[in-house]
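Values below: every heavy atom of this structure, side chains too, minus hydrogens, waters and symmetry copies. Count residues from 1 along the sequence.
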Amino acid sequence: MNSENGRLLRFTLGQRLFHLVLMLCFLMQATTGLGRMYHETTWGQGLGWLFGGFESALRVHVYVGIFMIAAFLAHLVYLLGTIHWRRFPSCIVGPDSLVPSINDLANLLKHTGW
């Protein structure tokens, strides 16, 4: 817990930056993909124009996709490196874990019922 403002620090600065880059990559993929998918429409042509045309949008789409796959694989390696294997699986569950628990399911059902 961050004692300065009483807030829980769940992610480090590096993790937050990594997720920001992934979000920007996803938006780039969506923009280039929609521009290519709807190239016959005015707005699709406008999206393609943002990237220098139909072929340039394809090139950006492919390179960003390759980068996202590499980032995903790096993320998996990072996750596997942070697991305390001698205490597995108890090391990935707990009150601060991002892994859903039975209590989370119960809360979801209560919230949905409300």
Side-chain angles (χ1 to χ4, degrees):
M1 181 179 289
N2 187 347
S3 61
E4 291 178 22
N5 58 12
R7 296 178 67 192
L8 177 68
L9 179 64
R10 184 162 284 201
F11 296 108
T12 65
L13 177 62
Q15 292 166 335
R16 290 191 305 254
L17 289 174
F18 180 76
H19 282 97
L20 175 66
V21 168
L22 283 184
M23 286 185 278
L24 292 174
C25 286
F26 176 79
L27 291 173
M28 184 91 57
Q29 287 292 87
T31 306
T32 56
L34 286 171
R36 289 185 48 79
M37 181 181 273
Y38 295 103
H39 67 277
E40 71 279 355
T41 65
T42 304
W43 65 269
Q45 291 170 3
L47 287 176
W49 176 82
L50 286 174
F51 295 96
F54 193 71
E55 292 302 318
S56 295
L58 173 63
R59 197 171 306 116
V60 169
H61 192 79
V62 168
Y63 288 137
V64 172
I66 291 169
F67 175 79
M68 285 181 71
I69 291 170
F72 171 72
L73 294 174
H75 184 65
L76 284 180
V77 169
Y78 169 78
L79 288 177
L80 291 174
T82 59
I83 294 175
H84 300 284
W85 291 102
R86 292 179 192 254
R87 295 186 293 133
F88 187 81
S90 65
C91 64
I92 62 170
V93 294
D96 293 333
S97 176
L98 295 176
V99 177
S101 67
I102 298 297
N103 190 30
D104 295 326
L105 177 63
N107 289 336
L108 172 71
L109 294 175
K110 287 178 187 176
H111 182 73
T112 304
W114 181 82

S.K.: Given side chains that start at C-beta, do those of Met28 and Phe51 come closer than 4.5 Å, heavy atoms only?
M.R.: yes
S.K.: Could you measure the distance from the NZ atom of Lys110 to the CG atom of Asn103? Nearest 0.5 Å is fine.
M.R.: 7.0 Å
S.K.: According to a hydrophobic-cluster definition based on side-chain heavy atoms being under 4.5 Å apart (Ile, Leu, Val, Met, Phe, Trp, Tyr only), do Val21 and Phe11 belong together?
M.R.: no
S.K.: Is it the case that more than 12 heavy atoms not belonging to Phe54 sit under 6.0 Å from its CZ atom?
M.R.: yes
S.K.: Judged by atom type as modelled, is there a donor-acceptor pair below 3.5 Å linking the side chain of Arg36 to the main-chain atoms of Ala57?
M.R.: no
S.K.: Tell me whether Met37 is reachable from Val60 by hopping between hydrophobic residues (I, L, V, M, F, W, Y) whose side-chain heavy atoms are closer than 4.5 Å.
M.R.: yes
S.K.: Mind checking what makes side-chain hydrogen bond (donor to acceptor under 3.5 Å, both in side chains) contact with Asp104, not counting sequence neighbours?
M.R.: Ser101
S.K.: Leu50: what forms a side-chain contact (heavy atoms from CB on, under 4.5 Å) with it, not counting sequence neighbours?
M.R.: Leu47
S.K.: Indicate every side-chain donor-acceptor pair of residues 66-84 with a distance under 3.5 Å to a residue at least two apart or in another chain.
M.R.:
unit_1, atom_1, unit_2, atom_2, d
Tyr78, OH, Gln15, NE2, 2.8
Thr82, OG1, Tyr78, O, 3.4
Thr82, OG1, Leu79, O, 2.9

S.K.: Working to the nearest 0.5 angstrom, can you tell me the gap between His111 NE2 and Leu108 CG?
M.R.: 8.0 Å
S.K.: Let me confirm one number: the CG-CG distance from Leu22 to Leu27, rounded to the nearest 0.5 Å.
M.R.: 11.0 Å
S.K.: Going from CD on Gln29 to NE2 on His61, what distance comes out if it is rounded to the nearest 0.5 angstrom?
M.R.: 4.5 Å
